Amino acid sequence: MNRLAGETSPYLRQHAANPVDWYPWGDEALARAKRENRPILLSIGYSACHWCHVMAHESFEDQAVADLMNGLFINVKVDREERPDLDQIYQAAHAMLTRRSGGWPLTMFLTPEQEPFFGGTYFPKTSRYGLIGFADLLPRIAGAYREQGSAIAEQNARLLSALRMTNPEPPDAAEALPANAANLAAVSALSSSFDPVHGGFGAAPKFPHATELDLCLRHYALQNDPRSREIVEVSLSRMADGGICDQLAGGFCRYSVDAEWTIPHFEKMLYDNALLLALYADAWRATGSEGFARTATGIVSWLLEEMRSPEKGFYSSLDADSEHEEGKFYVWTPDEVRALLDADEYMVAAAHWGLGDPPNFEHESWHLRVVAPLADVARTLSLALPDVEARIDSARAKLLAARALRIRPGRDEKLLTSWNALMIAALARAARVFDRPAWLTAAREAADFIRATMWRDGKLLATYKDGRAHLNAYLDDHAFMLAALIELMQTSFQRGDLDWATELADSLLARFEDPAGGGFFFTSHDHEALIHRPKPGHDNATPAGNGIASQALTTLGHWRSEPRYLDAAERTVRAFARELGHEPTGFASLLIALDGCATPTTTVLLRGDATTCAAWQRAVEREYRPAVHTLDLSVQASLPGTLSKPHEALAGHESATAWICRGTTCLPPIHSLAALETALDSAG
């Protein structure tokens, strides 16, 4: 066993038995590289990654390759989920060095000063796929390091300069916030790349792009734009029917390898499902599509069945592979399905999932996807729709039970603060949208776990496993957790959530903010020194921490009447003003934050009888109003700032009071639900 055996990351532990002399990232490895003047071979991946497994089996488990690595390099293995700071830096460096997009596994060669001078992603053991073999590459890289020191130094100087330029330039103090045209330009660009037949954006491989779809849904609701609604409805419907969605257990895989959503890359990530849960819940409110409600329910069913830890937090991911084969756990042969279902069930299942069509996976098996809606199946087979629904439910249960007996994909059982926060926020929102108290309980228990385990002395920690929480947390951890508390307060207000949100906001400002240039660095001021300190504004698989921080600080600032939070939120948007003004695509979370800075969001405060307030909140929340927050403060004592509005009993009216506040300015009290809804409709 090498040094990775004692790590919390399941990905690192997967490599603990390699013959490679692996180090985790840290002082020991970096000091040895400097002491011996040896280059660092940095390998970044994650446990659910198929090609990471392939490279491990081909090269890292091979003694001859390991001997080369051990003799020439200091070998460092990093879990990109535990160390997103390192992944951001070296993915950017890879793109600059190779002029190609990156991915995982990421293979970078560094000087002892951590500066990258060569890199790639997956390398086969021997040359194929047009790629040089890893065993052939290693001596060449080591030789280049020894013989081309001056050229490497010049290249590194240019690279470090280019990395610094990836952060936004300090804004001009006189520069105005971007106009609403930035939102329009982003939605227009998304419309241009929208696939009107299959949904989503662009061609294969196709990712869900939940944050961009959220921007389109908001644009539809706020601007009554039918094109934006079409983008969301078609995309979410096709995704829910596709193989990217697990048709048996619920939940979504990370992306589809084709443009039709048929065959996914089979790993399931917590963050994708969190973002999609919130999106499907909102889309149900906006459109009334029962299919969106079923899909949201399926995500939660999968989450609570397969991804919840004994501590009530949520695990990180499920692997793409089982038994060293990608997708083996999920796919079916015709004979397997026929043997499990009776004739009536098979007839419906075959029509619904296309089981009579040619195999769609590796030319020999089926991966389930919807090819005909159940209503169409009922018409084609001349059956009553309830009978068809009953048969497909029975077929699904039988197939799911049979699948449960297979060897399962690996599960990454570390608990990440940022990804848990995304799921807490999504569960809290879905709980109030669908009135599901059990979902709220799951969200609150996960939040309680994070606070009890990952919040120490006013600082968050990033990761937890087997009783050990560690690693200095990042911007995303703080921003996403702050946003999660805001969602929890809207679903079930507790004073403790408000107090913790205030502490998190204060920590963000004190430990991450760039007070001169605006915005937040990805790492805190007391983080270890790396070759670059990113200030990311671009959304990736998860929304940008700067965008979420600005949104959350704006909301909390209005609730507490706290100008420090409002000013920091605006400085953040202003820091990225040039990007938003010139090329807004990819900055959806910051564009949503821009809306909040330009036009303060509306908060509905409910006071008075608890039963009446709860009924009013359910009625208000049934409509999709993205610029409206609702807080039921019926059982709360005195609160700060804007939240201090009292219940004003009025003879002959209902026993509750509603206050509609724009920012920190509130309208006169409202004493009936009908008047409240009329006022909200009038406010747009």
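Only this structure's heavy atoms are used, side chains among them; waters, hydrogens and symmetry mates stay out. Quantities reported herein were computed from a predicted structural model and do not represent experimental measurements.
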Please list every donor-acceptor pair under 3.5 Å in which a side-chain atom of residues 15-23 meets a protein atom from a residue at least two apart or in another chain.
from : atom 1 : to  : atom 2 : distance (Å)
H15  : ND1    : Y11 : O      : 3.0
N18  : OD1    : W22 : NE1    : 3.0
D21  : OD1    : R3  : NH1    : 2.3
D21  : OD2    : R32 : NH1    : 3.4
Y23  : OH     : R3  : NH2    : 3.2
Y23  : OH     : R32 : NH1    : 2.9

Only residue of D466, D79, D412 satisfying salt bridge (Lys or Arg N to Asp or Glu O under 4.0 Å) with R13 is D466
Determine the sole option in Y46, Y271, Y464 for which the ring-ring contact (aromatic ring centres under 6.0 Å, His included) test with W419 is passed.
Y271
Between R369 and G243, the two heavy atoms sitting closest are CB-N, 3.6 Å
Using residues 344-351 as the side-chain source, report each donor-acceptor pair under 3.5 Å to any protein atom, sequence neighbours left out, with the distance given to one decimal.
from : atom 1 : to   : atom 2 : distance (Å)
E345 : OE1    : D342 : N      : 3.0
E345 : OE1    : K398 : NZ     : 2.9
E345 : OE2    : S394 : OG     : 2.5
E345 : OE2    : K398 : NZ     : 3.1
Y346 : OH     : R338 : NH2    : 3.4

Exam field: side chain R396 to backbone Q247, donor-acceptor pair closer than 3.5 Å:
yes
I'd like to check R403 versus L400 (side-chain heavy atoms, cut-off strictly below 4.5 Å). Are they in contact?
yes
For A189 and T585, work out which heavy atoms get closest and say how close.
CB-OG1, 3.2 Å
So, for S589 and G547, which heavy atoms are closest and what is the spacing to 0.1 Å?
OG-CA, 3.7 Å
R406, CZ atom: more than 12 neighbouring heavy atoms under 6.0 Å
yes
Using a cut-off of 6.0 Å, state whether more than 12 heavy atoms not belonging to R227 lie near its atom CZ.
yes
Do K206 and I244 touch side chain to side chain, with heavy atoms closer than 4.5 Å?
no
So, do M108 and L97 sit near enough that their side-chain heavy atoms are less than 4.5 Å apart?
yes
How about F207 and R254: do any of their side-chain heavy atoms sit closer than 4.5 Å?
yes
Will you find, in the side chains of K125 and S59, an N or O donor that is under 3.5 Å from an N or O acceptor?
no
Please answer whether the main-chain N or O of V187 pairs with a side-chain N or O of S191 as donor and acceptor at a distance below 3.5 Å.
no
Please assess K268 against D246 for the test salt bridge (Lys or Arg N to Asp or Glu O under 4.0 Å), listing each intermediate value before the final yes or no.
CA-CA 10 Å; K268 284 184 176 180; D246 187 339; 2.9 Å; yes
Ring geometry between F134 and F109 (parallel below 30°, tilted from 30 to 60°, perpendicular above 60°):
tilted
I'd like to check E413 versus S309 (side-chain heavy atoms, cut-off strictly below 4.5 Å). Are they in contact?
no
Do the side chain of N75 and the main chain of M69 share a donor and acceptor less than 3.5 angstrom apart?
yes
Looking at R99, I'd like to know if its CZ atom is crowded, meaning that more than 12 non-hydrogen atoms belonging to other residues, nucleotides or ligands lie closer than 6.0 Å.
no
Nearest heavy-atom contact between A541 and L275 is O-CD1, 3.4 Å
Go through it in stages, so that I can follow the logic: the residues are L270 and L422, the test is side-chain contact (heavy atoms from CB on, under 4.5 Å), and I'd like the CA-CA distance, side-chain angles, deciding distance and then a yes or no.
CA-CA 9 Å; L270 183 66; L422 288 173; over 6 Å; no
Shortest non-hydrogen contact from V65 to D62?
N-OD1, 3.0 Å
With no hydrogens and no angle check, just 3.5 Å: does a side-chain donor-acceptor pair link T8 and E82?
yes
For atom CD1 of I407, is the number of surrounding heavy atoms from other residues, nucleotides or ligands below 6.0 Å larger than 12?
no
Could you tell me whether the side chains of R218 and Y624 share a donor-acceptor contact shorter than 3.5 Å?
no
Determine, stepwise, if the pair E306 / R408 fulfils salt bridge (Lys or Arg N to Asp or Glu O under 4.0 Å).
CA-CA 11 Å; E306 298 190 41; R408 288 184 172 274; 3.7 Å; yes
Only distances under 3.5 Å count here; give the side-chain donor-acceptor pairs of residues 354-361 to other protein atoms, sequence neighbours excluded, each with its distance to 0.1 Å.
from : atom 1 : to   : atom 2 : distance (Å)
N360 : OD1    : H367 : N      : 2.7
N360 : ND2    : H367 : O      : 3.0

How long is the straight-line distance from OH of Y330 back to OG of S365, given to the nearest 0.5 Å?
14.5 Å
Using a strict 4.0 Å threshold on nitrogen-to-oxygen distance, state whether E7 and K77 make a salt bridge.
no
Using atom types as modelled and distance alone, determine if a side-chain donor or acceptor of E81 lies under 3.5 Å from a backbone N or O of G45.
no
Taking P116's backbone N and O only, do any of them form a donor-acceptor pair with Y90's side chain (distance below 3.5 Å, no angle check)?
no
Under 4.5 Å between any side-chain heavy atoms of P196 and V234, yes or no?
no
Sequence neighbours left out, what passes side-chain contact (heavy atoms from CB on, under 4.5 Å) with K328? Give chain and number order.
S322, E323, E325
When rounded to the nearest 0.5 angstrom, what is the spacing between CD in E364 and OG1 in T333?
9.0 Å
Working to the nearest 0.5 Å, report the span between CZ of R80 and SG of C49.
8.5 Å
What are the two closest non-hydrogen atoms of L236 and A283, and how far apart are they?
CD1-CB, 3.5 Å
Can a salt bridge be assigned to the pair R83 and D85 using a cut-off of 4.0 Å between side-chain N and carboxylate O?
yes
Would you say the side chain of L42 lies within less than 4.5 Å of the side chain of L86, judging by non-hydrogen atoms?
no
side-chain contact (heavy atoms from CB on, under 4.5 Å) partners of V433, counting only residues at least two apart:
A281, W284, R285, R429
Give, for atom CG of L304 and atom CD1 of I299, the distance between the pair rounded to the nearest 0.5 Å.
11.5 Å
Might you work through the side-chain contact (heavy atoms from CB on, under 4.5 Å) test for T542 and S418, ending with a clear yes or no?
CA-CA 10 Å; T542 56; S418 60; over 6 Å; no
Does any N or O in the side chain of R238 come within less than 3.5 Å of the main-chain N or O of V197, such that one atom is a donor and the other an acceptor?
yes
Side-chain donor or acceptor of S316 paired with backbone N/O of K414 under 3.5 Å
yes
Nearest 0.5 angstrom please: L318 CG to M269 CE, how far?
9.5 Å
What distance separates I141 CD1 from D136 CG, expressed to the nearest 0.5 Å?
11.5 Å
For the side chain of D539 and the backbone of A544, is there at least one donor-acceptor N/O pair under 3.5 Å apart?
yes
So, applying side chain to side chain donor-acceptor pair (under 3.5 Å) with Y220, which one of E230, R229, E233 is it?
R229
State, yes or no, whether a side-chain contact exists between F252 and P208 at a heavy-atom distance under 4.5 Å.
no
Is D258 reaching over with its side chain to a backbone N or O of I263, donor-acceptor style, under 3.5 angstrom?
yes
Taking the inter-plane angle between the rings of Y122 and W51 on a 0 to 90° scale, is it parallel (under 30°), tilted (30 to 60°) or perpendicular (over 60°)?
tilted
Would you please name every residue forming a side-chain contact (heavy atoms from CB on, under 4.5 Å) with A92, sequence neighbours left out?
L163
